[in-house]
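Have a look at the structure below before the remarks.
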Amino acid sequence: MIGVTFRAMTSDISQPRLSDTSRFEAACRRFDTANSLDPNLEIVEGIARPRELIYAERLTQWVVKLCPDASEELRLAARGQHICRWMVARSSYPMTRPGYLKWREDLKKFHAEKAGEILRAVGYPEETVAKVQALNLKKNFPQDPDSRVLEDALCLVFLEFQFAELAAKTADDKMINALQKSWKKMTAAAREHAMKLNFGSREKSLLERALAQTGGR
């Protein structure tokens, strides 16, 4: 029988340069508690867990893998990047390209606001809140180094965990276009990681076609 768990993600990553370890862990617990309420479940190793809790875990892991000494603000931004995402449904917007873009823009603002509420509640100063929210909103991408790491991690989570599912229901030309856009945003280091992922035959073919059309890897 498949088990169902809503356990919060533990803080099991290295944590250099923290201003206050207990405050950081309190913020992470609140992010995890909020994401544990996601009614959408994903099966991982036979266990059903809230989708956004899993997403936060995966994004955090990629950030630390890409940047072991990631700043406190970057770690916090990764943990809350998609916080309570299910509350802003795609179906509540027009099913058009402009509707999709408006949904995405509103989502970023929603996540930044929710993250800010949690950070203030555990005692972070406004300077830290502003930095985390700027990362959530992708305000200074690609000039800000932290924003580049976060974007790389977002792209790698997509390629590793979401690519196959999306490709199964998306026309090849649209999928290739999406891959090219992601690849363009990624750094050389992230691209190297991406090429080592275990893609299925169809996903590998789509990625090869996308890169062939852009003339690079």
Under 4.0 Å between a Lys/Arg side-chain N and an Asp/Glu carboxylate O for [X] and [Y]?
{"X": "Arg79", "Y": "Asp32", "result": "yes"}
{"X": "Arg49", "Y": "Glu57", "result": "yes"}
{"X": "Arg120", "Y": "Glu117", "result": "no"}

Taking distance alone, no hydrogens or angles, what donor-acceptor pairs closer than 3.5 Å link side-chain atoms of residues 192-204 to residues at least two apart or in another chain?
| residue | atom | partner | partner atom | Å |
| --- | --- | --- | --- | --- |
| Arg202 | NH1 | Ala167 | O | 2.6 |
| Arg202 | NH2 | Asp172 | OD1 | 2.5 |
| Glu203 | OE1 | Gly200 | N | 3.3 |

Heavy-atom pair with the smallest gap, counting every atom of [X] and [Y]:
{"X": "Pro50", "Y": "Ser36", "answer": "CG-O, 3.4 Å"}
{"X": "Gln81", "Y": "Asn136", "answer": "OE1-ND2, 2.9 Å"}
{"X": "Gln180", "Y": "Ala210", "answer": "NE2-O, 3.1 Å"}
{"X": "Asp152", "Y": "Lys185", "answer": "OD1-O, 4.1 Å"}
{"X": "Ala153", "Y": "Trp62", "answer": "CB-CB, 3.9 Å"}
{"X": "Pro125", "Y": "Arg23", "answer": "CD-NH1, 3.9 Å"}

Is there side-chain contact between [X] and [Y], with heavy atoms separated by less than 4.5 Å?
{"X": "Phe158", "Y": "Leu154", "result": "no"}
{"X": "Gln213", "Y": "Ile176", "result": "yes"}
{"X": "Phe31", "Y": "Leu53", "result": "no"}
{"X": "Cys67", "Y": "Asp69", "result": "yes"}
{"X": "Leu207", "Y": "Trp183", "result": "yes"}

(message) Run Arg58 and Glu42 through salt bridge (Lys or Arg N to Asp or Glu O under 4.0 Å) and show every step you take.
(response) CA-CA 13 Å; Arg58 290 167 172 170; Glu42 184 172 336; 2.9 Å; yes
(request) Applying side-chain hydrogen bond (donor to acceptor under 3.5 Å, both in side chains), run through Arg104 and Tyr100 and close with a yes or a no. (result) CA-CA 6 Å; Arg104 290 294 299 271; Tyr100 171 77; 2.6 Å; yes
From [X] [atom1] over to [Y] [atom2], what is the distance, rounded to the nearest 0.5 angstrom?
{"X": "Asn177", "Y": "Lys174", "atom1": "CG", "atom2": "NZ", "value": "10.0 Å"}
{"X": "Lys184", "Y": "Leu179", "atom1": "NZ", "atom2": "CG", "value": "15.0 Å"}
{"X": "Thr170", "Y": "Glu165", "atom1": "OG1", "atom2": "CD", "value": "9.5 Å"}
{"X": "Thr187", "Y": "Leu66", "atom1": "OG1", "atom2": "CG", "value": "7.0 Å"}
{"X": "Leu119", "Y": "Phe24", "atom1": "CG", "atom2": "CZ", "value": "10.5 Å"}
{"X": "Gln133", "Y": "Lys114", "atom1": "CD", "atom2": "NZ", "value": "13.0 Å"}

Whether the side chain of [X] engages the backbone of [Y] through a donor-acceptor N/O pair (distance < 3.5 Å, no angle test) should be reported.
{"X": "Glu72", "Y": "Ser19", "result": "yes"}
{"X": "Asp38", "Y": "Glu52", "result": "yes"}
{"X": "Thr128", "Y": "Tyr124", "result": "no"}

Mind listing the side-chain donor-acceptor pairs of residues 83-99 below 3.5 Å, one per line with the distance, residues two or more places apart or on another chain?
| residue | atom | partner | partner atom | Å |
| --- | --- | --- | --- | --- |
| Arg85 | NH1 | His82 | NE2 | 3.1 |
| Arg85 | NH1 | His111 | NE2 | 3.1 |
| Arg90 | NH1 | Tyr93 | O | 3.4 |
| Arg90 | NH1 | Pro94 | O | 2.9 |
| Arg90 | NH2 | Pro94 | O | 3.1 |
| Arg90 | NH2 | Thr96 | O | 3.3 |
| Ser92 | OG | Ala89 | O | 2.5 |
| Tyr93 | OH | Asp106 | OD2 | 2.7 |
| Thr96 | OG1 | Gly99 | N | 3.0 |

(message) Is there a path of hydrophobic side-chain contacts, each under 4.5 Å between heavy atoms, that joins Val129 and Leu137?
(response)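 In one cluster with Val129: Leu137, no.
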(message) For residues Leu74 and Phe141: do they belong to one hydrophobic cluster (side chain heavy atoms under 4.5 Å, members Ile, Leu, Val, Met, Phe, Trp, Tyr)?
(response) no
(request) With side-chain contact (heavy atoms from CB on, under 4.5 Å) as the test, would you mind laying out the steps for Met175 and Leu166 before giving the verdict? (result) CA-CA 8 Å; Met175 198 68 242; Leu166 183 60; 3.8 Å; yes
(request) Please list all pairs passing the side chain to side chain donor-acceptor pair (under 3.5 Å) test where one or both residues lie in residues 138-148, with sequence neighbours left out. (result)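 Pairs touching residues 138-148 that pass the test: Ser71-Asp146, Lys138-Glu151.
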